[in-house]
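Chain identifiers are assigned alphabetically (A, B, ...) following the order of the sequence lines, protein sequences preceding nucleic acid strands; residue numbering begins at 1 within each chain. Model, not experiment: these values are computed from the prediction.
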Amino acid sequence: MARDVQLLEKGFSPGKALGLFAKAHPLSGGIASFVGKVRPDGDVKVLELVSYEHLTLPGMETLANMVEGRWPLDGLLIHHRTGYLRPGAAIVLVAAAARHRRDAFEAVDFAMDHLKSRSWFWKREKRSDGWHWIEPREQDHEDASRWDI
Amino acid sequence: MARDVQLLEKGFSPGKALGLFAKAHPLSGGIASFVGKVRPDGDVKVLELVSYEHLTLPGMETLANMVEGRWPLDGLLIHHRTGYLRPGAAIVLVAAAARHRRDAFEAVDFAMDHLKSRSWFWKREKRSDGWHWIEPREQDHEDASRWDI
Amino acid sequence: MAVTVVFIGKLADLAGQGEREVTAPLEWADLAGVLGEDLASALDNDRTKIAVNGAVLADKRSLRAQDGDEVALLPPVSGG
Amino acid sequence: MAVTVVFIGKLADLAGQGEREVTAPLEWADLAGVLGEDLASALDNDRTKIAVNGAVLADKRSLRAQDGDEVALLPPVSGG
């Protein structure tokens with residue numbers, strides 16, 4: 001199992017990272033992936049993702065352990081931004097390479113649900129009336145609760 | 001909804017197609033995708049994917065209609081090979097861009113299940129002892145039955 | 001006065017060819033006589049379907065093809 | 001003889017700073033007095049957690065930080 005877990009302080013290209021991941025796993029039957037971006041709707045000018053060094057990256061490694069323990073994968077990639085992001089910028093890329101497609105799908109689905117509402121990130125948006133802290137939607141909590149986490 | 005449905009007779013680069021798809025949907029919050037490749041295990045030398053012109057591409061368009069009717073998407077891409085493929089070659093790429101991540105995930109998951117066991121393709125493998133027609137695994141039928149299709 | 005019968009996948013192996021012209025009209029009851037025992041028994045499989053001019057028959061036993069029609073014999077699918 | 005208290009996210013807004021040095025030892029019962037009413041009531045929220053040196057406390061009321069420890073006050077998370 002090749003693992004690539006990164007907490008990124010600068011902008012990144014999910015397409016490029018995904019291309020490299022695919023090249024690194026030529027033997028896998030399937031690769032599932034998800035890219036999450038800052039939605040350029042409303043009047044959101046900037047998004048800030050706050051991390052805490054003693055928890056955020058270690059927590060992402062723990063998440064990777066959970067994913068690897070739960071599904072037989074050939075490779076797992078979790079890249080997540082921290083810092084200030086403009087609308088349209090990539091926040092997160094998760095990719096899983098596996099022999100069987102459902103394993104790859106579920107691994108990515110699970111990791112995204114965890115990152116949304118169970119990982120050590122804090123998010124705020126700057127709108128025309130100032131900064132607002134964002135908490136997970138009810139839907140995010142329901143998504144995560146599907147996995148007994 | 002931008003739709004890109006293709007039946008491809010030659011090899012393609014899923015990474016490149018996915019990069020273009022992401023660029024075409026800068027406003028979507030999330031993009032889920034799946035790449036399926038010829039698994040280079042066993043002694044499989046060549047895979048042939050047979051299509052039937054009166055059904056295969058029209059059926060992929062019908063599948064795209066079903067997906068679009070079921071989930072609110074900004075964009076949907078379905079590329080599937082036909083012809084002879086070497087181990088490691090990409091067979092299929094499905095990508096969905098959506099405002100909400102579960103919609104993108106489920107759209108790709110559904111489309112893949114349909115392509116595996118409900119779409120108009122026929123698959124055979126050439127091994128050292130000759131050609132063998134491949135039917136969907138029991139798991140593929142179970143996957144598809146989750147969706148009432 | 002011909003119907004084109006297209007054999008797909010393993011049915012093409014059984015038929016030894018990809019397609020064949022047969023005399024119109026062509027109905028379900030004619031198939032065993034026209035195509036032979038091996039193909040006829042493959043056609044009995046519930047998962048083998050028949051399309052006429054690209055339209056899959058809900059009940060393949062209702063087959064009634066006319067001159068110029070293309071009848072495709074479709075074994076169980078497998079893609080992705 | 002100091003404990004570093006780190007305020008994360010909206011708790012940093014409430015505290016008006018990102019971290020503060022307070023006198024060691026630091027226990028749960030001390031927090032309201034040391035940090036003020038506003039922060040103390042935010043800490044009462046079940047979804048606000050406390051970590052000591054990167055280890056999240058299962059029961060935040062068991063907090064007992066010594067000299068040199070880093071205590072992080074963690075509001076509800078939101079990533080992705």
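- Your options are Pro76(D), Ala72(D), Ala12(D), and the one with the most heavy-atom pairs under 4.5 Å with chain A is Pro76(D).
- Shown here is Glu9(A), whose CD atom has no more than 12 heavy atoms of other residues, nucleotides or ligands within 6.0 Å.
- Taken to the nearest 0.5 Å, the CD atom of Glu53(A) stands 7.0 Å off from the CD atom of Glu70(D).
- The nearest pair of heavy atoms linking Gly79(D) to Phe121(A) is CA-CB, 3.7 Å.
- Across Met112(A), Arg124(A), Glu135(A), the residue that shares the most heavy-atom pairs under 4.5 angstrom with chain D is Glu135(A).
- Closest approach of Ser119(A) to Val77(D), counting heavy atoms only: O-CB, 3.0 Å.
- The number of heavy-atom neighbours closer than 6.0 Å to CZ of Arg86(A), taken from other residues, nucleotides and ligands shown, is 12 or below.
- Counting heavy-atom neighbours within 6.0 Å of Glu37(D) CD, excluding the residue itself, gives a total of 12 or less.
- Side chain to side chain, Asp13(D) and Trp133(A) meet the donor-acceptor criterion of an N or O pair below 3.5 Å.
- Counting heavy atoms from C-beta outward, Trp120(A) and Val56(D) have side chains that approach closer than 4.5 Å.
- In terms of non-hydrogen atom pairs under 4.5 Å with chain D, the most contact-rich of Pro136(A), Gly36(A), Pro58(A) is Pro136(A).
- Residue contact with chain D, scored on non-hydrogen atoms closer than 4.5 Å, is absent for His79(A).
- Not one N or O on the side chain of Lys123(A) forms a donor-acceptor pair closer than 3.5 Å with the backbone of Ser78(D).
- For the pair His80(A) (side chain) and Gly80(D) (backbone), a donor-acceptor distance under 3.5 Å is present.
- Heavy atoms of other residues, nucleotides or ligands lying less than 6.0 angstrom from NZ of Lys16(A) number 12 at most.
- Atom CZ of Arg3(A) is surrounded by more than 12 heavy atoms from other residues, nucleotides or ligands within 6.0 Å.
- When atom types are taken as modelled, the side chain of Trp122(A) and the backbone of Pro75(D) share a donor-acceptor pair closer than 3.5 angstrom.
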